[in-house]
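One structure is given below, encoded as structure tokens.
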Amino acid sequence: DTGVSQNPRHKITKRGQNVTFRCDPISEHNRLYWYRQTLGQGPEFLTYFQNEAQLEKSRLLSDRFSAERPKGSFSTLEIQRTEQGDSAMYLCASSANGAGYNEQFFGPGTRLTVL
Amino acid sequence: GENVEQHPSTLSVQEGDSAVIKCTYSDSASNYFPWYKQELGKRPQLIIDIRSNVGEKKDQRIAVTLNKTAKHFSLHITETQPEDSAVYFCAAPGDSSASKIIFGSGTRLSIRP
């Protein structure tokens, strides 16, 4: 499978615990995005990488959230001290570099449930 | 920042009829407008996009129109089929740096047999 992959697909955790998700983009894509999607809503932008550089982070993102892409390939999203409001689907997407906007290819998502 | 409004939130049409979903955006500098389809339990997938240098684009039964003056764009699906049932999201750029896109809240389309 050469598409975007995410692990784990599901995560159940207790409030206050830390969780980490992984995204492997399409290999030749150097742009990587994280989104959060709750039921009945569209994906909400969280952060964006071009290669290993994190170029933008949503103002809505609390400091409990951190993302890395150390070698410009896979990325991790960590949520510290999880809260019930963090329960959502976390989507990763990647796109090719180039002038202007290019199609974003989404992964299957990681569904987080915080008890 | 960009604000994308989408309506209707739900739409039910008879199989074979047409469906139209409309979106408005706020940033007049926006120049890229993708539409994504998300089936139940699946990831969003791009079905069509339009850039601001054209007013209409077609791909088989799907078409998108763009009115830059009024800052709105629409998705048209003709001869609807059961497999068109899904949630559809419009989107527009969140800034000019070719990074984030802002999604609408989605339209749940149901095709009645």
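Bear in mind that the values here come from a model prediction, so they are computed numbers and not experimental data. By convention in this document, chain letters (A, B, ...) are assigned in the order of the sequence lines, proteins followed by strands, and residues within each chain are numbered from 1.
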Over all atoms of both residues, closest heavy-atom pair of B:I101 and A:Y35: CG1-OH, 3.5 Å
Give me the contact list for residues 20-28 of chain A versus chain B, heavy atoms only, anything under 4.5 Å, ordered by residue number.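 So no residue qualifies.
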Distance in Å, [X] [atom1] paired with [Y] [atom2], rounded so as to fall on 0.5 Å steps:
X      : Y     : atom1 : atom2 : answer
A:Q6   : B:R43 : CD    : CZ    : 8.0 Å
B:L46  : A:S95 : CG    : OG    : 11.5 Å
A:E103 : B:Q45 : CD    : CD    : 8.5 Å

For chain B, which candidate among A:E44, A:Q104, A:Q41 shows the most heavy-atom pairs at distances under 4.5 Å?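 Sorted descending by pairs with chain B, the first entry is A:Q104.
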If you tally heavy-atom pairs under 4.5 Å between each of B:C90, B:P44, B:S9, B:G41 and chain A, the highest tally belongs to B:P44
Could you tell me whether [X] atom [atom1] has more than 12 heavy atoms of other residues or ligands within 6.0 Å of it?
X      : atom1 : result
A:R15  : CZ    : no
A:K57  : NZ    : yes
A:L55  : CG    : yes
B:K68  : NZ    : yes
B:Q60  : CD    : no
A:L115 : CG    : yes
A:E68  : CD    : no

Quick one: what part of B:Q6 sits under 4.5 Å from any heavy atom of chain A, side chain, backbone, both or neither?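 B:Q6 has no heavy atom closer than 4.5 Å to chain A.
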Can you hop from [X] to [Y] via hydrophobic side chains spaced under 4.5 Å?
X     : Y     : value
A:I79 : A:Y33 : no
B:Y32 : B:I48 : no
A:F45 : A:Y90 : no

Tell me which pairs pass side-chain hydrogen bond (donor to acceptor under 3.5 Å, both in side chains) where either residue lies in residues 79-92 of chain B, with sequence neighbours left out. B:R61-B:D84
Under 4.5 Å from any heavy atom of chain B, what part of A:F105 do you find: side chain, backbone, both or neither?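 Neither part.
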Which answer fits A:L91, side chain, backbone, both or neither, if we ask what part of it has an atom under 4.5 Å from a heavy atom of chain B?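 It is the side chain, since no backbone atom gets that close.
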Counting distance only, does the side-chain N/O of B:Y36 pair as donor-acceptor with the main-chain N or O of A:G42 below 3.5 Å? no
